[in-house]
**Student:** 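Sharing a structure below in structure tokens format, with a few things to ask.
Values reported hereafter were calculated over all heavy atoms of this structure, with side chains retained and with hydrogens, waters and symmetry mates removed.
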Amino acid sequence: MVSGSEQRFIRINFITIIVTLMVVLAGGVVRSTGSGMGCPDWPKCFDRYIPPTDVSQLPANYKEKYVAGRLKKNEKFAKYLESMGKVALADSIRHDRSITIPEEFNPTKTWVEYLNRLTGVVAGIFLLLSVIYSFAYRKKAKRIIILSILNIFVVGYQAWLGSIVVSTNLAQWVVTVHMLLALVLLGISIYTYNYAKQLNKEPSVIMYRILWLKGFLLFTVILSIAQIVVGTEVREAIDVIAKSLAYGGRASWISKVGSVFSYHRDLAILVLISNGVVYKMVIDRFSGKEAPLLTARYILGALLIQLLSGFALAYIAFPPAAQAVHILFSTLLFSLQFYLYLLVYRTSTYRQ
């Protein structure tokens, strides 16, 4: 029997997952519109809680002020990296001349970045609510409380890393880590959501061995993470090319990326094949409206949209809308795959 407080946690946890996906979408819009430096400081935007709409609202020396602030923050970050033994990385940040180049004020980009940050604040609020409601499980599932609290620390680190993304002028490797942490946040929330939902249920009994399905599902999850990492590297390469061409000649961007795009495309084919195999294995073992089968169908839908948006990026001059959709559905695909893995992992297995 699921109590009212437990139902509230499950509901809040589900909303948290959706809002976190919206943060990923907002981040995709920021990347696709080149608005990552729309706010040159953090957590405020041009030292305001409500950003300016016109350059006349800024001090005359705003460029020098925010460059100096970035350099100061980066020096602290470099010392932090040195303490971890990353001396070469620290030196590369200290000597990155792009950090000293001030950004021109653009009200549209400023508000795109600001709305992205507001979406992050909403996600933080729901993560905090998840912690509060998780105490409904203090007697029978303390791991839900522990993992919910852990997510607060992860989102705190994610927020700090977001400030580093700004201060390093979108340093490529920092952006990649920032994306991976979003997957960690989603993974923890999906795990606690599924664990809470299944806590009072008996495992399904399937009269087939499903060890191969579990193993192959784990492989597809890892493959999707690798695809997202490589995709982030493609995006980083595109950023460099776009800046070098003053954001013109969009049709030629992909051709200039190099081998990393080939890896990304080949991985996409492998992702398609592996998810097709997963779907066949699921329909052989589940039927009707069972959650694993429904989830497998959602995976195919997300995969189709991801592939179509990827095709648009590669062959239709890199449209900004397709960039945001591609990032969102690659993350949604990972989320659904991980959820399916958790559903199948719980299933009891028997020999025929």
**Student:** Strictly distance-based, threshold 3.5 Å: is any side-chain N or O of Thr110 a donor or acceptor partner for the main-chain N or O of Gly38?
**Tutor:**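 Pair found, side chain donor or acceptor close to backbone of Gly38.
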
**Student:** Tell me which one of Leu293, Ile299, Val221 satisfies side chain to side chain contact (heavy atoms under 4.5 Å, CB included) with Leu340.
**Tutor:**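 Among the candidates, only Ile299 passes.
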
**Student:** Can you check whether His264's main-chain N or O pairs, donor with acceptor, with Gln227's side chain at less than 3.5 Å?
**Tutor:**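 Yes: the side chain of Gln227 pairs with the backbone of His264.
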
**Student:** Assess whether a salt bridge exists between Arg285 and Glu290, defined as any Lys/Arg side-chain N lying under 4.0 Å from an Asp/Glu carboxylate O.
**Tutor:**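 Looking at Arg285 and Glu290, the cut-off is not met.
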
**Student:** For the residue pair Thr53 and Gln57, confirm or rule out a side-chain donor-acceptor distance under 3.5 Å.
**Tutor:**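 Yes, Gln57 and Thr53 have a side-chain donor paired with an acceptor closer than 3.5 Å.
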
**Student:** Treating Tyr114 as the side-chain partner and Tyr49 as the backbone partner, does any N or O pair qualify as donor plus acceptor under 3.5 Å?
**Tutor:**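 Such a contact is found between Tyr114 side chain and Tyr49 backbone.
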
**Student:** With no hydrogens and no angle check, is any side-chain donor or acceptor of Arg297 less than 3.5 Å from a backbone partner on Leu294?
**Tutor:**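 Answer holds: no.
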
**Student:** Taking NZ, NE, NH1 and NH2 as the nitrogens, is one of them in Glu113 or Lys109 under 4.0 Å from a carboxylate oxygen of the other?
**Tutor:**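 Looking at Glu113 and Lys109, the cut-off is not met.
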
**Student:** Determine whether the aromatic ring centres of Phe261 and Trp253 lie less than 6.0 Å apart.
**Tutor:**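 No, ring centres 6.0 Å or more apart.
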
**Student:** Please say whether more than 12 non-hydrogen atoms of neighbouring residues, nucleotides or ligands are located less than 6.0 Å from NZ in Lys63.
**Tutor:**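 Enclosed.
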
**Student:** Do the side chain of Gln198 and the main chain of Tyr195 share a donor and acceptor less than 3.5 angstrom apart?
**Tutor:**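 Flag not set: sc Gln198 to bb Tyr195 has no pair under 3.5 Å.
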
**Student:** Can any side-chain N or O of Asn116 pair as donor or acceptor with the backbone N or O of Val112 at less than 3.5 Å?
**Tutor:**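 Between the backbone of Val112 and the side chain of Asn116 there is no qualifying donor-acceptor contact (under 3.5 Å).
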
**Student:** Any idea how Tyr339 and Tyr193 line up, ring-wise: parallel (<30°), tilted (30 to 60°), or perpendicular (>60°)?
**Tutor:**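 Tilted.
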
**Student:** Donor-acceptor pair, distance only, cut-off 3.5 Å: does the side chain of Ser330 make one with the backbone of Ile327?
**Tutor:**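 The answer is yes, because a donor-acceptor pair under 3.5 Å joins these two groups.
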
**Student:** Any side-chain donor paired with an acceptor under 3.5 Å for Thr220 and Ser274?
**Tutor:**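 Per modelled atom types, Thr220 and Ser274 side chains form no pair under 3.5 Å.
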
**Student:** In terms of relative ring orientation, are Phe77 and Tyr80 parallel, tilted or perpendicular, with 30° and 60° separating the classes?
**Tutor:**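 Judged by the thresholds at 30° and 60°, the geometry between Phe77 and Tyr80 is parallel.
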
**Student:** Parallel, tilted or perpendicular: which fits the ring planes of Phe46 and Phe105, with parallel below 30° and perpendicular above 60°?
**Tutor:**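 Aromatic pair Phe46/Phe105 classed perpendicular.
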
**Student:** Testing the basics here: between Gly310 and His326, what is the closest heavy-atom pair and its distance to 0.1 Å?
**Tutor:**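 Closest approach of Gly310 to His326, heavy atoms only: N-ND1, 3.4 Å.
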
**Student:** Between the side chain of Gln158 and the main-chain N/O of His178, is any donor-acceptor distance below 3.5 Å?
**Tutor:**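 Looks like yes, one N/O pair under 3.5 Å.
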
**Student:** Do you know which two heavy atoms are closest between Asn151 and Val184, and how far apart they sit?
**Tutor:**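 That closest heavy-atom pairing would be OD1-O, 4.3 Å.
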
